[in-house]
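Just so you know, residue 1 is the first one in the sequence shown, and it goes up from there. Fair warning: this is a prediction, and the values are worked out from it, not measured in the lab.
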Amino acid sequence: MKKIVSLLVTLFFISTSLLHAASFDPSQLPAGKRTIAGKYLSAKETYEMVVANPKKVLFVDVRTPAETQFVGIADQVNLNIPYMLGDYSSWDCKKNRFQMNPNSAFATKIADAMATHGLKKSDPVILMCRSGDRSAAAANLLTNAGYTNVYSVYDGFEGDMGKEGRRTVNGWKNANLPWGYTLDQARAYLSM
């Protein structure tokens, strides 16, 4: 029975990849959303992949803890492990916001989560941020650390900006996928 389930899951991933490859051109992504591994999923494809086999995929929201608490979080996310953390004592004049710095514990926290979920570096890891830039950078970090199946959700949780200056183009929320404001302790990022 396990072999049949494993075969069906493999076939699902292959068929999803083939369909995705036929309709998606990664070269059209902005440079900041591209990954060295070239593995991408839309929010909808992420939902389908995670729901099809939740025990064989680690789905991580890489946004800041404040974003997950106040903007919302996808119901299917296993954990919030921020790739960047806000430094509320320093200002970024170029971006007109608080300074963001890389989370030095990111790779370690991912490795811990993989071990907790019984997954190997060859198992799928899906990373999602607001709109695809941080998830791509985080995917590159993990790929360089030896992970071989890391996907970036290129449209993110909130999606891309529309002409009106709001994030209305694509993304998890705009695809009407399950999400909410409830963040339980098991999924929350605790820096210790």
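A donor-acceptor contact shorter than 3.5 Å links the side chain of Asn140 to the backbone of Ile36. Looking at Arg63, its side chain never comes within 3.5 Å of a backbone N or O of Arg130 through a donor-acceptor pair. The backbone N or O of Arg187 lies less than 3.5 Å from a partner atom in the side chain of Asp184, making a donor-acceptor pair. Side-chain atoms of Lys109 never come within 3.5 Å of backbone atoms of Pro82 as a donor-acceptor pair (strictly under, hydrogens ignored). Panel note: side chain Asp160, backbone Val169; no donor-acceptor pair is recorded below 3.5 Å. A side-chain donor-acceptor contact under 3.5 Å links Lys173 to the backbone of Val71. With hydrogens and angles disregarded, a donor-acceptor distance shorter than 3.5 Å links the side chain of Asn78 to the backbone of Phe59.
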One pair to check against side-chain contact (heavy atoms from CB on, under 4.5 Å): Leu142 and Leu127. What are the steps and the verdict? CA-CA 10 Å; Leu142 294 181; Leu127 306 175; 3.9 Å; yes
Please step through side-chain contact (heavy atoms from CB on, under 4.5 Å) for the pair Asp123 and Leu58, ending with a clear verdict. CA-CA 8 Å; Asp123 288 316; Leu58 183 68; over 6 Å; no
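Counting only residues at least two apart or in different chains, ring pair (Phe, Tyr, Trp, His ring centres under 6.0 Å) contacts with residues 100-139 comprise Tyr83-Phe106.
Annotation for Gln185: atom CD does not count as buried by contact number, only 12 or fewer foreign heavy atoms lying within 6.0 Å. Annotation: Lys121, atom NZ; neighbour count of heavy atoms from other residues, nucleotides and ligands within 6.0 Å is above 12.
If you chain together hydrophobic residues whose side chains sit under 4.5 Å apart, Leu85 and Leu141 fall into the same group. Taken together through direct or relayed side-chain contacts under 4.5 Å among Ile, Leu, Val, Met, Phe, Trp and Tyr, Val62 and Val57 form parts of separate hydrophobic clusters.
For the side chain to side chain contact (heavy atoms under 4.5 Å, CB included) with Thr46, the qualifying choice from Tyr154, Trp172, Tyr40 is Trp172, the only one to do so.
At least one side-chain heavy atom of Met49 sits under 4.5 Å from a side-chain heavy atom of Tyr151. Two residues are said to be in side-chain contact when any heavy atoms from C-beta on lie closer than 4.5 Å; Pro178 and Gln76 meet this criterion. By the 4.5 Å heavy-atom criterion applied to side chains, Phe157 and Thr68 are not counted as neighbours.
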Output a table of donor-acceptor pairs, distance under 3.5 Å, between side-chain atoms of residues 95-102 and any protein atom two or more places apart or on a different chain; print 'none' if there are none.
none

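Across Ala105 and Tyr189, no two heavy atoms sit closer than the pair CB-OH, 4.1 Å.
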